[in-house]
2 protein chains.
Amino acid sequence: MDALDRKIIAALRLNGRATYAELGRTVGLSASSVHERVGKLESAGVITGYHAVVNPSTVGLGVTALVGIQPTDVAENDDLAEALSELPEVESCYAVAGDEAFVVKVRVGTVDDLERTLGRLRRIGGVARTRTTVVLSTRFEGRPNNNGLDEPPEGGA
Amino acid sequence: MDALDRKIIAALRLNGRATYAELGRTVGLSASSVHERVGKLESAGVITGYHAVVNPSTVGLGVTALVGIQPTDVAENDDLAEALSELPEVESCYAVAGDEAFVVKVRVGTVDDLERTLGRLRRIGGVARTRTTVVLSTRFEGRPNNNGLDEPPEGGA
DNA sequence: ATTGAAAGTAGATATTA
DNA sequence: TAATATCTACTTTCAAT
């Protein structure tokens with residue numbers, strides 16, 4: 001991982017459909033060199049995928065909520081995470097410090113759907129309580145954070 | 001937005017670098033038709049971008065936290081959101097219901113960095129208190145939620 | 001709105017430096 | 001590791017349906 005890799009990564013975070021030729025022009029390398037570097041970054045698990053970002057409200061997913069999951073005393077976190085992953089409306093799942101085992105991000109169409117989803121969450125074995133925070137607006141989300149990407153981690157004199 | 005558009009979107013959420021030819025084979029359309037449909041979906045603001053997903057720990061961003069931002073009585077939400085957007089380590093920002101104005105997701109390299117970032121957050125004008133939840137592990141994140149994408153919104157017999 | 005053809009461009013691979 | 005050359009495949013435009 002050198003400065004060129006970091007530049008390539010930064011460029012692909014901004015535009016995941018950039019061609020190798022474009023990336024080459026951006027970083028000052030031939031397309032084939034970029035191609036090889038990207039392949040290595042993918043193999044090494046640095047780049048884990050490429051995704052189109054969709055405006056949720058345009059596809060009928062207008063309601064977002066953050067839900068804290070408080071487990072029962074006997075619950076196993078891995079079992080809980082597995083059960084949470086089976087609900088498609090749970091988009092992200094974080095194991096957290098504190099008396100909640102997880103915070104999940106839920107995306108649904110309506111508040112009725114949200115009520116249904118919360119019911120399903122509470123019925124999962126090992127879930128004692130849920131605490132729901134309704135998102136009123138998403139100001140920004142998943143923004144590229146190029147701390148340590150544009151510039152070397154130990155960035156100097 | 002018909003079933004074909006929904007299939008194209010779902011495919012691009014799974015693989016944002018899929019070629020038009022591939023997408024055409026997936027959905028049963030010619031590459032040029034897919035090309036035109038994708039262009040319209042982009043123009044209509046349904047697809048807002050394409051991003052490479054990077055494993056944060058491989059690029060020196062091993063610490064994630066969720067931070068609730070409690071505002072002072074006089075704070076303006078838009079000013080707060082603007083100030084939050086200026087910290088690169090704030091990756092996502094949600095305006096929420098409740099006594100916190102925002103919940104933000106912060107990604108940094110170390111707990112020392114987290115402490116510094118929390119200090120910066122508290123020093124933002126209009127911020128009364130922060131409440132930090134440290135993420136121990138990300139079980140999954142930004143998973144494609146194809147509610148209403150694979151199948152029509154009103155889908156029932 | 002979809003297709004198929006034509007021209008240009010990019011991807012993928014092997015070879016060489 | 002990077003570049004060049006080659007072949008294959010894809011993108012993009014456009015006329016026709």
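These numbers come from a predicted model, not from an experiment. Protein chains get the first letters and strands the later ones, always in sequence-line order, with residue 1 at the start of each.
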Whole-Å gap separating C1' (C:dG11) and CZ (A:Arg37): 19 Å

Salt-bridge criterion met for A:Asp2 and A:Arg37 (N-O under 4.0 Å): yes

Donor-acceptor under 3.5 Å (B:Ser33 side chain, B:Leu29 main chain): no

Salt bridge (Lys or Arg N to Asp or Glu O under 4.0 Å) contacts in which one or both residues fall within residues 109-120 of chain B, not counting sequence neighbours: B:Glu89-B:Arg120, B:Asp113-B:Arg116

Donor-acceptor contact present, side-chain B:Thr72 to main-chain B:Ala128, <3.5 Å: no

B:Lys40 and B:Asp5: CA distance, side-chain angles, deciding distance, salt bridge (charged side-chain N to carboxylate O under 4.0 Å, His left out) verdict: CA-CA 10 Å; B:Lys40 285 181 183 171; B:Asp5 285 328; over 6 Å; no

N/O donor-acceptor pair under 3.5 Å between B:Arg17 side chain and A:Gly16 backbone: yes

Student check: side-chain heavy atoms of A:Phe102 and A:Val96 closer than 4.5 Å: no

Could you tabulate the donor-acceptor pairs under 3.5 Å formed by side-chain atoms of residues 56-66 of chain B, not counting sequence neighbours?
from: B:Ser57; atom 1: OG; to: B:Asn55; atom 2: OD1; distance (Å): 3.1
from: B:Thr58; atom 1: OG1; to: B:Asn55; atom 2: O; distance (Å): 2.6
from: B:Thr64; atom 1: OG1; to: B:Arg107; atom 2: NH1; distance (Å): 3.1

Salt bridge B:Arg143-A:Glu91, side-chain N to carboxylate O under 4.0 Å: no

Whether A:Glu86 side chain and A:Ala83 backbone form a donor-acceptor pair below 3.5 Å: no

Filtered N/O pairs between nucleotides 15-17 of chain D and protein, under 3.5 Å:
none

Pair A:Tyr50-A:Glu42, side-chain donor/acceptor within less than 3.5 Å: yes

Members of residues 22-35 of chain B that approach DNA chain D, where some heavy atom sits under 4.0 Å away: B:Arg25, B:Ser32, B:His35

For DNA chain C, the residues among residues 40-53 of chain B that have a non-hydrogen atom under 4.0 Å from it: B:Lys40

Please list, for nucleotides 15-17 of chain C, all pairs of protein and nucleotide N/O atoms separated by less than 3.5 Å.
none

Heavy-atom donor-acceptor pair, A:Glu22 side chain to A:Thr19 backbone, under 3.5 Å: yes

Rounded interatomic separation in angstrom, taking OH from A:Tyr20 and C1' from D:dA3: 17 Å

Between CD on residue B:Glu82 and CG on residue B:Asn77, distance to nearest 0.5 Å: 13.0 Å

Distance, rounded to the nearest Å, where B:Leu4 contributes CG and C:dT3 contributes P: 9 Å

